[in-house]
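From a predicted model like this one, the values you see are computed outputs, not experimental measurements. The first residue of the sequence shown is numbered 1, and numbering continues consecutively from there.
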Amino acid sequence: MTAPHLRLGVNIDHVATVRNARGSGYPDPVRAALLAAQAGADGITAHLREDRRHITDDDIARLSAELPVPLNLEMAATEEMLGIALRHKPHAACIVPEKREERTTEGGLDARGQHNLLAPMVTQLRNANIRVSLFIEPDPAQIEAAVRLGAPVVELHTGRYCELEGEAQTAELRRIADAAALAAKNGIEVHAGHGLTFDNVVPVAAIPQLAELNIGHFLIGEAIFDGLAPVVKRMRALMDAAR
């Protein structure tokens, strides 16, 4: 089954990274989020890390209050982040693995190995009417774990696909497609993201079971040269063409 419209979620974390480099009030990630929404983003993603290296608590409060499109809060599986999500009640909360020393998220969540930690969090978020997503590797064992946890959504990690070339990349794309099909077969909505660019997004966007792609660092980087609105519009066009 093909999802009728492939949604684009734009991650605005690295607008905050630039702002925080100088400790100033600009550039404003909320302004970037509003521009992205005007340019065709279906939602905005923001990762409130434990060390607050980019997005801050105030950013989340403002995004929650000002966005005309859904907010997807990326969060570590901690009591602090659970409390913040329950307080602000974003449209969605994507639970991701997090290490202080990493530059960016390095892989998927071990939903299978962390079942006892994740189960009560998934339940509390769902009870608050927050759409819960688990950021996982495209692995059947992780899909099965998501089913057992009752997660309504998974986001498949595309980072490895984006780093590979040739036959190895083709094999990883097939792994993502197979995982998407398995998740959809089990009634889970399927998203994907990490490392996607103009050059590699089309094969992923063509996977029929995918309902949403979340893309951030590349779009913010390209916006330095071409502006955020044109870059979001071009990504939106590539995704549409793939369908």
Side-chain angles (χ1 to χ4, degrees), residues 3 5-16 19-20 28-38 40-98 105 108-109 111 114-136 145-156 183 187-194 211-216 232:
H5 171 70
L6 181 58
R7 299 188 300 268
L8 170 60
V10 174
N11 185 314
I12 44 83
D13 289 354
H14 295 297
V15 176
R19 175 195 62 192
N20 296 354
D28 181 8
V30 178
R31 181 183 176 192
L34 295 172
L35 283 170
Q38 292 170 6
D42 300 285
I44 297 298
T45 292
H47 185 176
L48 184 64
R49 283 182 171 267
E50 292 181 270
D51 62 6
R52 308 305 198 267
R53 71 175 68 167
H54 37 59
I55 294 296
T56 66
D57 298 71
D58 182 62
D59 293 330
I60 296 299
R62 291 179 58 217
L63 288 165
S64 299
E66 299 179 35
L67 275 183
V69 295
L71 172 63
N72 175 36
L73 172 65
E74 289 189 342
M75 53 175 274
T78 67
E79 289 299 322
E80 179 196 19
M81 291 301 154
L82 177 62
I84 290 169
L86 294 174
R87 183 165 66 252
H88 290 290
K89 290 185 168 59
H91 171 74
C94 183
I95 303 177
V96 302
E98 187 173 312
T105 305
L109 188 73
Q114 295 183 291
H115 179 276
N116 292 343
L117 170 67
L118 296 172
M121 293 188 175
V122 171
T123 298
Q124 288 183 71
L125 291 167
R126 293 197 67 172
N127 288 343
N129 294 316
I130 299 170
R131 187 193 70 188
V132 187
S133 175
L134 303 178
F135 184 76
I136 60 173
V147 173
R148 289 195 299 274
L149 284 163
V153 182
V154 295
E155 180 169 341
L156 302 178
I188 294 177
E189 182 173 303
V190 194
H191 303 174
H194 201 84
E212 180 174 306
L213 298 183
N214 285 297
I215 306 172
V232 170

Value rounded to 0.5 Å, distance of [atom1] in [X] from [atom2] in [Y]:
| X | Y | atom1 | atom2 | answer |
| --- | --- | --- | --- | --- |
| Met75 | Arg49 | CE | CZ | 14.0 Å |
| Ile44 | Ile12 | CD1 | CD1 | 6.5 Å |
| His47 | Glu74 | NE2 | CD | 6.0 Å |
| His88 | Ser64 | NE2 | OG | 5.5 Å |
| Leu34 | Arg62 | CG | CZ | 8.5 Å |
| Ile60 | Leu48 | CD1 | CG | 5.0 Å |

Worksheet item: Stepwise, does the side chain to side chain contact (heavy atoms under 4.5 Å, CB included) test hold for Ile136 with Leu156?
Response: CA-CA 5 Å; Ile136 60 173; Leu156 302 178; 4.1 Å; yes

Discussion item. Taking ring-ring contact (aromatic ring centres under 6.0 Å, His included) as the definition, give me every residue that meets it alongside His54, ordered by chain and number, with sequence neighbours left out.
Written reply: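 Partners of His54 by the ring-ring contact (aromatic ring centres under 6.0 Å, His included) criterion, ordered by chain and then number, come out as His14.
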
Might you point out which heavy atoms bring [X] and [Y] nearest each other, and give the distance in Å?
| X | Y | value |
| --- | --- | --- |
| Asp13 | Ala46 | OD1-CA, 3.3 Å |
| Arg7 | Asp42 | CA-OD2, 3.2 Å |
| His191 | Ala211 | CD2-CB, 4.3 Å |
| Ala32 | Val15 | CB-CG2, 3.7 Å |
| Gly9 | Glu212 | N-CG, 4.5 Å |
| Phe135 | Pro97 | CD2-CD, 4.1 Å |

Between [X] and [Y], is any pair of side-chain heavy atoms under 4.5 Å apart?
| X | Y | answer |
| --- | --- | --- |
| Thr56 | Arg19 | yes |
| Val154 | Val190 | yes |
| Leu149 | His115 | yes |

Item to complete: Can you sort out the partners of Ala92 under side-chain contact (heavy atoms from CB on, under 4.5 Å), two or more places apart, ordered by chain and number?
Response: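 Listed in chain order: Asn72, Arg131.
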
Discussion item. Whether the side chain of Asn214 engages the backbone of Asn11 through a donor-acceptor N/O pair (distance < 3.5 Å, no angle test) should be reported.
Written reply: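 Such a contact is absent between Asn214 side chain and Asn11 backbone.
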
Item to complete: List the steps, then state whether side chain to side chain contact (heavy atoms under 4.5 Å, CB included) holds for Arg53 with Asn20.
Response: CA-CA 8 Å; Arg53 71 175 68 167; Asn20 296 354; over 6 Å; no

Which donor-acceptor pairs under 3.5 Å do side chains of residues 118-129 form with protein atoms, sequence neighbours excluded?
unit_1 : atom_1 : unit_2 : atom_2 : d
Thr123 : OG1    : Ala119 : O      : 3.1
Arg126 : NH1    : Gly150 : O      : 2.4
Asn127 : ND2    : Thr123 : O      : 3.3

Discussion item. Please check if the number of heavy atoms outside Arg31 that lie under 6.0 Å from its CZ is greater than 12.
Written reply: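 Not more than 12 within 6.0 Å, no.
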
